[in-house]
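Structure first, commentary second.
We name chains A, B, ... by the order of the sequence lines, and we start the count at 1 in each one.
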Amino acid sequence: MSQHREPSHLRPTVPERPSLDGLEDKWDRAWSEQGTYTFELGRPRDQVFSIDTPPPTVSGSLHVGHVFSYTHTDIVARFQRMLGKDVFYPMGWDDNGLPTERRVQNYYGVRCEPSLPYDPDFQPPQEGGEGKSAKAAHQVPVSRRNFVELCERLSTEDEKQFEALWRHLGLSIDWTQTYQTIDQHSRATSQLAFLRNLARGEAYQQLAPTLWDVTFRTAVAQAELVDRDQPGAYHRIGFERAATVDAPTDDAVGSPHADTAGQRVHIETTRPELLPACVALVAHPDDERYQDLFGSHVIVPLFGTEVPVVAHRLAAPDKGSGIAMVCTFGDLTDVVWWREMHLPTRAILGWDGRILPEPPMGLDSPEGQANYKQLAGLTIFSARQRVVELLRAAGDLEGEPQPITHPVKFFEKGERPLEIIPTRQWYLTNGGTDEELRAQLLARGDELTWFPDFMRVRYQNWVEGLNSDWLISRQRFFGVPFPIWYPVDQFGHPVYDRPIVPPEDRLPVDPASDTPAGYKPEQRGKPGGFIGDPDVMDTWATSSLTPQIATHWRDDQSLYESTFPMDLRPQAQDIIRTWLFATVVRADLEQHSLPFYNAAISGFILDPDRKKMSKSKGNVVTPMGLLVEHGSDAVRYWAASARLGTDAAFEPGQMKVGRRLAIKLLNASRFALSFLAEDGDAPAASPAAALGLDPELVTEPLDRSMLAALREVVEVATEALAAYDHTRALEATETFFWTFCDDYIELVKARAHGAGGPQGARSAQTALGLALSALLRLFAPFQPFATEEVWSWWHQDGDSIHRQPWPVPAELGAADRTDPAVLAVAGGVLGALRKAKSEAKVSMRTEIIAATVAVPPDLTAAAVAAKADIMAAGRAAELTLAASDTDTIELVTAELA
RNA sequence: GGGCCCAUAGCUCAGCUGGUUAGAGCACCACGUUUACACCGUGGGGGUCGGGAGUUCAAGUCUCUCUGGGCCCACCA
């Protein structure tokens, strides 16, 4: 070792054995200290590239899918920065909402009880609980303020871990630009946008049937629904016709002619417990079986209510018996029937999903009330069993229930089926009830550039299918409160249609503790006083404003003007209908523009069974473990190998390839730099070494050909990255790089050492330097750590590679000075010589006494141009280039030493 | 019921507007201690491009159809 080149002959900082270990921490620290990714502000809008980073839900854990998609965005950010843009790349934390509440409940073993007073000395009973859903009975009740404090405390801890992961991954985020969706600024922005919506009539309050989750005891929005197949059963129930026609003397039950005789009509239902909520029967207007029933009344079994039989086109003759009972409310179709036919309301379900204690209006008969008493307070499940028992006893249940499996609507985060309960809620217009707005929002979808383009269709489908406005109020605790109070009238009732709003400069407000202007705190809840709106906004109602929050629409005009509308919204495909659409709605209403120009949609990560990776499958690998095991550049390489919009397999093999590439970058660079350093007046010694190399010094055809090929790579990679096609850019760069290592470096090794004289050496050294410089910058967005490490060996001025200019073809010399085929042909001939040695099972070092290689005639000149380099690399004393009669390069003879 | 995406080597994927003999990496086999790299290098084997039909001088690529996956929306008596 010591008889060879001393380390001091290399650039002083080039390590003897380069390694990837520790690069993440080393460079994260350096970038942080140097402010490498700091947004500068002050440049015109067209020199800024702004990114609407998705704020991850901090209450959930990050998984490989996050690492995957955030890497895609970081590649864009780094590319744009090297193109010379001032990149605005903030990070938000979505800590607002139900997931945080649920996590806090489990972690600290508490639950929110708004009626309790605040306890400033409260200590949670536990820390670090991760139980799936601890029983509510074991959770300590705490005040709303205590609960919110715990939410904030845990979120802050979670956010630190998230930041550590993102830094380790090498995301080039400006860590001075962060926000939380629950912080003061986000609250104020969210409240301000809401007040503007309210002032323009886009936000409104309505008492209406609402999709309701009985576990979380809150309303949910259309966008949060999912269908799940559930077991159920059809119950065939007989309704007696009301006594407006001749009453038959014989008992109709069991009679084969019961239906046709008009005495009894049978419906089939999966929700027998809703019988007391029945307000009508409905059949299709053209259904011949029920023509004589329309307009008449029937009696609800057990409960004695008299309800009309009505006709409506939505009734399906082929479902069940073709006639259905309308309840308030069993499903969304019930709501339509109820609304369109002005049926009465007989709600029987409370917020907790239990049967209300008092029977609804119209349930007047003594037997009906007695039966109802048996249901009061029961859960839906128990009530159903009870009703079936009662029906059976009364002889109103025909046959046995027929088990079926059917889709039932759930809140996507919920565990029990949704119910529909009439409640007062806030809505925001979103085109669901307004054709003009809908058309306008569809036009916004067309205006937006989608990567890949077919994702546009998902937006269109969603907007076209909307059937209601956006329900934004939630009966929860940890969220942005509605900035609204109501006057309380002399009878103690809130006057909902005269909301009191705060001035914009007072935001954010908490109406639960703040007092509106003109009132005193002690007037809260008193007749003649005021009361705060108790609800919080849906988390999407705030995260739909991430562009406005991040760019400080509310309070920093110069930042806002230089970053909004943003350039890029990266996000996952499954939240196009929620986050993306909602963001478009808010910007359309407030700014009359798109919130961002481009949307880049990442795919999912699939496990080896081709299923979407999820926690429940037990196959989730922790992202930090992955980064530590393979190295961040390696994991990034795997992510970068997958196109936008395409689901990708979780493939450690691909990470190994990425790691190999990173190591190769270190080693090949070390080698190439050793030539630059050896030269007496090494160009590498100059601070601007990379760009100071003069392509005019590259005189050898092989060297020129290599640079010509690299020029093309630069063109392809630049074009691909500009079109968000990072895989294409990476592939082109990588393919070239391996040829560069395997063939070019081998071919010029001897010449670069001086074997061909000073001019040939200079040509090779310069070409190596030029190529290495361009290659490192081409790889920098993909492998930020390895490339930065190499750059630091070379450039001692401390400038990060990540702020260098993106390579351009011109820096590699003129395009038309040489035969571009020389490198490929020389590689082919060298390959033929290697094959001879491989087939002879001898070392590559073995001397070739004489060899003949056949080369297609049109490539002979190119081969001749590199003949000396080929002979040196192949250790051939004599090489004959014969004319091939095929168009491939073939070994003809080889005499080995 | 409507819509979108996908199907190419054992595996993961390229293959752009149709144009020689369909590519890469991993895995596999053989060889090689070559001072850039054993977290390596060199060479090699391996595919009738899911099935069928059509358009064309020419189809992995375009059209239709079938099959099999994945996803979204609608329906929910």
Side-chain angles (χ1 to χ4, degrees), chain A residues 1 3-5 14 16-20 227 229-230 232 234-235 267-271 274 281-283 314-316 319-327 330-334 337 404 406-409 452 454-458 460-462 464-465 467 573-574 576-577 603-604 606 608 610-612 630-631 634 638 641-643 645-654 656-657 659-675 720 725 727-728 731 734-735 738 741-742 745-746 749 830-831 833-846 875 886-888:
Chain A
M1 199 62 120
Q3 72 213 44
H4 300 302
R5 212 177 295 119
V14 178
E16 192 64 11
R17 292 192 71 80
S19 163
L20 296 176
D227 284 352
D229 278 332
Q230 293 290 303
Y234 279 131
H235 300 75
I267 60 106
E268 290 188 11
T269 180
T270 56
R271 303 287 310 265
L274 292 180
L281 297 191
V282 61
L314 282 183
K319 273 193 184 143
S321 55
I323 187 161
M325 72 170 178
V326 182
C327 302
D331 61 39
L332 290 173
T333 318
D334 280 346
W337 285 325
I404 54 157
H406 62 151
V408 176
K409 286 200 188 309
F454 66 76
M455 290 293 177
R456 181 192 305 279
V457 180
R458 301 197 179 188
Q460 286 166 350
N461 287 347
W462 176 252
E464 283 162 2
N467 54 34
Q573 54 183 319
D574 55 336
I576 290 174
R577 67 174 180 168
F604 291 130
L606 307 175
R610 307 299 303 173
K611 293 274 160 51
K612 185 180 167 184
H630 298 278
W638 159 72
S641 306
R643 290 176 298 175
T646 304
D647 294 347
F650 174 73
E651 218 201 349
Q654 197 68 355
K656 294 200 170 77
V657 174
R659 183 174 179 85
R660 177 175 310 181
L661 174 63
I663 292 169
K664 194 80 174 178
L665 268 170
L666 297 182
N667 285 317
S669 300
R670 179 178 122 84
F671 186 59
L673 289 174
S674 71
F675 293 111
D725 190 355
T727 56
R728 196 166 137 85
E731 194 192 9
E734 189 191 7
T735 302
W738 285 103
C741 291
D742 296 346
I745 289 184
E746 292 300 325
K749 213 180 244 186
L830 179 59
L833 299 181
R834 285 166 171 166
K835 186 172 179 177
K837 296 178 190 180
S838 187
E839 283 174 352
K841 299 185 189 278
V842 297
S843 157
M844 286 298 134
R845 230 174 150 178
T846 308
R875 292 171 179 260
T886 70
D887 46 8
T888 58

The side chain of [X] is closest to which nucleotide in this list: [options]?
X	options	answer
Val457(A)	rG32(B), rG3(B), rU21(B)	rG3(B)
Arg834(A)	rG43(B), rG41(B), rA14(B)	rG43(B)
Thr888(A)	rU21(B), rA30(B), rG3(B)	rU21(B)
Ile745(A)	rC40(B), rA77(B), rA36(B)	rA36(B)
Ala324(A)	rC26(B), rC37(B), rA77(B)	rA77(B)
Met844(A)	rC76(B), rC26(B), rU42(B)	rU42(B)

**Asked** Expressed as a whole number of Å, how far does the C1' atom of rG44(B) sit from that of rG3(B)?
**Response** 47 Å

**Message:** In whole Å, measure the gap between the P atoms of rA22(B) and rA59(B) for me.
**Reply:** 13 Å

Using a 4.0 Å heavy-atom cut-off, does [X] contact any base of the nucleic acid, only the sugar-phosphate backbone, or nothing at all?
X	result
Glu746(A)	base
Glu731(A)	sugar-phosphate
Ile663(A)	base
Lys835(A)	sugar-phosphate
Thr333(A)	sugar-phosphate
Ala316(A)	base
Lys319(A)	base
Trp738(A)	sugar-phosphate
Cys741(A)	base
Ala642(A)	nothing
Arg728(A)	base

**Item:** Gap between atoms NZ and C1', on Lys841(A) and rG32(B) respectively (whole Å)
**Value:** 11 Å

**Item:** Value in whole Å for how far the C1' atom of rC73(B) lies from CG of Asp227(A)
**Value:** 10 Å

For [N], take OP1 and OP2 only and decide whether either is under 4.0 Å from a side-chain N or O of [X].
X	N	value
Ser674(A)	rA36(B)	no
Ser838(A)	rC31(B)	no
Arg670(A)	rA36(B)	no
His406(A)	rA77(B)	yes
Arg643(A)	rA14(B)	yes
Arg17(A)	rA38(B)	yes
Lys664(A)	rG41(B)	yes
Arg845(A)	rU42(B)	no

**Asked** Do the charged groups of Glu731(A) and Arg728(A) touch, with an N to O distance under 4.0 Å?
**Response** no

Identify the heavy atoms of [X] and [Y] that sit nearest to each other, and give their distance.
X	Y	value
Trp638(A)	Glu651(A)	NE1-N, 3.6 Å
Pro18(A)	Leu666(A)	CB-CB, 3.8 Å
Asp647(A)	Phe604(A)	OD1-N, 2.9 Å

**Cys327(A) and Arg271(A), any side-chain heavy atoms less than 4.5 Å apart** = no

**Message:** On RNA chain B, does the nearest nucleotide to Arg660(A) precede the nearest nucleotide to Val282(A) from the 5' side, or the other way round? Give the residue.
**Reply:** Arg660(A)

**Fill in**
Judged by nearest nucleotide, the residue sitting upstream toward the 5' end of RNA chain B, Lys749(A) or Val408(A), is Lys749(A)

**Message:** Walk me through whether Ile267(A) and Leu281(A) qualify under side-chain contact (heavy atoms from CB on, under 4.5 Å).
**Reply:** CA-CA 8 Å; Ile267(A) 60 106; Leu281(A) 297 191; 3.9 Å; yes

Who does [N] pair with, Watson-Crick or G-U, both distances under 3.5 Å?
N	answer
rA9(B)	none
rC64(B)	rG52(B)
rG1(B)	rC73(B)

**Prompt:** Is there a donor and acceptor pair, one atom on the side chain of Arg458(A) and one on the base of rC72(B), closer than 3.5 Å?
**Reply:** no

**Asked** Could a donor-acceptor pair under 3.5 angstrom be found where the side chain of Asp647(A) meets the base of rC71(B)?
**Response** no

**Message:** Under the criterion side chain to side chain donor-acceptor pair (under 3.5 Å), I'd like the reasoning laid out for Thr727(A) against Asp725(A): C-alpha separation, chi angles, the key distance, then a yes or no.
**Reply:** CA-CA 6 Å; Thr727(A) 56; Asp725(A) 190 355; 3.1 Å; yes

